[in-house]
Amino acid sequence: MVAAPAPWPESRVEGGVGPFVMGTLFKVTVPGGAIKYTVLADGDVTVDYGSDRWLGLQVITAEESQVPRREGQESVRPGALVNADIPRILYSKTLNDAEPTHIEDRRIWRSALMYKGSAFNDSTQVTLAERGSLTAYLTDAMVAGNTTVGYVTHKRLRDSYLHVQTKGFTFDEFRRIVGSIEALRE
C-alpha cells in the first residue's frame, strides 16, 4: 500500500492551545480541554485529556533514528537518503521497489519498510499532503487498537521530522491536529 496525494487537512482545532514549538522546524496547535501538559527536556510534548485520551508530539532526530546526520555536510553524496526520508519510504515504497545500492541507504530503506506491515495493517486511507515546505504522511490505521500515528517532514531541513501520535481521537480529529502544523521557516 502506498499513499495517495490529498489536500492539506483542515486545521480547525477545537479550543486550540499553543502553538507548541517543536524543534527548529514546526509549530503545532493542540485541542483545548487537557488536564495536563508535559514538556520533556528534549522538547517532546505529551498532552493528557483524561479517560485514556492523549496526544504526543516528538521531533525525531537523525541520532534517534540512528541515521547518519547529513545537514550542512558538503561531502554527502548526491541522492543520499536522510532521516526525513524514513516517512517518505514508509508511505510511498513497497517491497517490490528496488532497494538503494549504497549500504547506508539500504539500511535506512529496510528500517522504514520493516515498520510498514504494522503501520498499515487495517488502513483504508493512506495519504500524503503538502503545504509550502511541509509534507504530512497520514493513515487511519489504528495501531494497538486506538492509537493513530502520522509524520510531518520539512523540505529543506532533512535531519529531523515530526512524529504525531494520538490515542482515543477519531481520525478526523487527528487530521485536524496535523492540519494545524505550520513551518517555523520556509
Side-chain angles (χ1 to χ4, degrees), residues 1-13 22-23 25-30 55-62 64-67 70 79-102 104-184 186:
M1 179 174 275
V2 296
W8 190 261
E10 179 184 351
S11 63
R12 184 176 40 89
V13 176
M22 301 300 301
L25 305 175
F26 311 101
K27 60 182 178 178
V28 185
T29 301
V30 301
L55 160 68
L57 303 167
Q58 178 183 19
V59 174
I60 306 293
T61 65
E64 289 169 313
S65 295
Q66 298 180 353
V67 170
R70 311 280 195 190
L81 293 180
V82 296
N83 192 44
D85 286 320
I86 292 172
R88 181 185 60 79
I89 294 165
L90 176 63
Y91 278 72
S92 66
K93 301 297 179 185
T94 71
L95 295 174
N96 296 325
D97 290 307
E99 286 187 331
T101 56
H102 191 275
E104 282 296 327
D105 293 345
R106 201 167 42 246
R107 187 174 65 78
I108 294 168
W109 179 277
R110 287 178 180 173
S111 175
L113 287 182
M114 190 170 54
Y115 180 63
K116 189 171 190 115
S118 62
F120 303 144
N121 55 359
D122 61 352
S123 299
T124 60
Q125 296 180 57
V126 178
T127 63
L128 68 89
E130 297 181 317
R131 180 178 70 188
S133 58
L134 300 180
T135 302
Y137 299 91
L138 305 172
T139 178
D140 64 345
M142 293 292 184
V143 180
N146 64 347
T147 303
T148 308
V149 177
Y151 307 93
V152 180
T153 62
H154 192 289
K155 285 184 172 134
R156 285 189 324 125
L157 305 167
R158 309 287 294 145
D159 275 339
S160 300
Y161 60 89
L162 183 62
H163 175 261
V164 182
Q165 185 171 355
T166 62
K167 183 173 184 185
F169 285 76
T170 67
F171 184 57
D172 285 338
E173 290 171 317
F174 174 72
R175 286 178 41 81
R176 285 194 295 271
I177 293 165
V178 172
S180 79
I181 299 171
E182 297 180 31
L184 287 172
E186 292 295 325

Open item on the list: Strictly below 4.0 Å, N to O, side chains only: are R158 and D85 in salt-bridge contact?
Closed with: yes
TODO: Decide side chain to side chain donor-acceptor pair (under 3.5 Å) for T61 and S160; before the verdict, give the C-alpha distance in whole Å, the side-chain angles of both, and the deciding distance to 0.1 Å.
DONE: CA-CA 4 Å; T61 65; S160 300; 5.7 Å; no
- [ ] Answer whether the closest heavy-atom distance between the side chains of H163 and V149 falls below 4.5 Å.
- [x] yes
- [ ] Of all the heavy-atom pairs spanning L138 and G150, show the shortest one and how long it is.
- [x] CD2-CA, 4.3 Å
Task: Close side-chain approach of V126 to T139, heavy-atom, < 4.5 Å - done: yes
Open item on the list: Return the CG to CG distance between L25 and L184, rounded to the nearest 0.5 Å.
Closed with: 7.0 Å
TODO: Kindly give the heavy-atom pair with the smallest separation between P9 and R175, and that separation in Å.
DONE: CB-O, 3.1 Å
Task: Flag, side chain of S92 to backbone of R88, donor-acceptor distance under 3.5 Å - done: yes
Task: Flag side-chain contact, heavy atom, 4.5 Å: T166 against T147 - done: no
Open item on the list: Suppose we call two aromatic rings close when their centres sit under 6.0 Å apart. Are Y151 and Y161 close by that rule?
Closed with: yes
Task: Intermediate values then yes/no, side-chain contact (heavy atoms from CB on, under 4.5 Å), V30 and V13 - done: CA-CA 7 Å; V30 301; V13 176; 5.5 Å; no
Open item on the list: Rounded at 0.5 Å granularity, tell me how far OG in S11 sits from CD1 in I177.
Closed with: 12.0 Å
- [ ] For residues L128 and Y137, determine if any side-chain heavy atom of one lies less than 4.5 Å from a side-chain heavy atom of the other.
- [x] yes
TODO: Quick one: pull up OG in S65 and CD1 in I108 and give me the separation to the nearest 0.5 Å.
DONE: 9.0 Å
Task: Contact check, side chains of L57 and L55, non-hydrogen atoms, under 4.5 Å - done: yes
Task: T148 and T170, any side-chain heavy atoms less than 4.5 Å apart - done: no
Open item on the list: Measuring from atom CG of L81 to atom CG of D105, what distance do you get when rounded to the nearest 0.5 angstrom?
Closed with: 4.0 Å
- [ ] Measure the spacing between NZ of K116 and OG of S123 and express it to the nearest 0.5 Å.
- [x] 9.5 Å
Task: Under 3.5 Å donor-acceptor, K93 side chain and W109 backbone - done: no
Task: Trace of the side-chain contact (heavy atoms from CB on, under 4.5 Å) decision for Y115 with I86 - done: CA-CA 10 Å; Y115 180 63; I86 292 172; over 6 Å; no
Task: Side-chain ion pair, K27 and E182, N-O less than 4.0 Å - done: yes
Task: Close side-chain approach of W8 to E130, heavy-atom, < 4.5 Å - done: no
Open item on the list: Side chains of E186 and K155, heavy atoms from C-beta outward: is any pair under 4.5 Å?
Closed with: no
TODO: Decide, yes or no, whether a salt bridge links E99 with R110 under the criterion of side-chain N to carboxylate O below 4.0 Å.
DONE: yes
Open item on the list: Run the side-chain contact (heavy atoms from CB on, under 4.5 Å) test on L162 and I181 for me, step by step, so that the C-alpha distance in whole Å, both residues' side-chain angles and the decisive distance to 0.1 Å come before the verdict.
Closed with: CA-CA 10 Å; L162 183 62; I181 299 171; 3.7 Å; yes
TODO: Evaluate the criterion side-chain contact (heavy atoms from CB on, under 4.5 Å) for residue pair Q58 and E64; output intermediate values, then yes/no.
DONE: CA-CA 11 Å; Q58 178 183 19; E64 289 169 313; 3.8 Å; yes
- [ ] Taking R131 for its side chain and A183 for its backbone only, find out whether a donor-acceptor pair lies under 3.5 Å.
- [x] no
TODO: Quick one: pull up OG1 in T153 and CD1 in I60 and give me the separation to the nearest 0.5 Å.
DONE: 13.0 Å
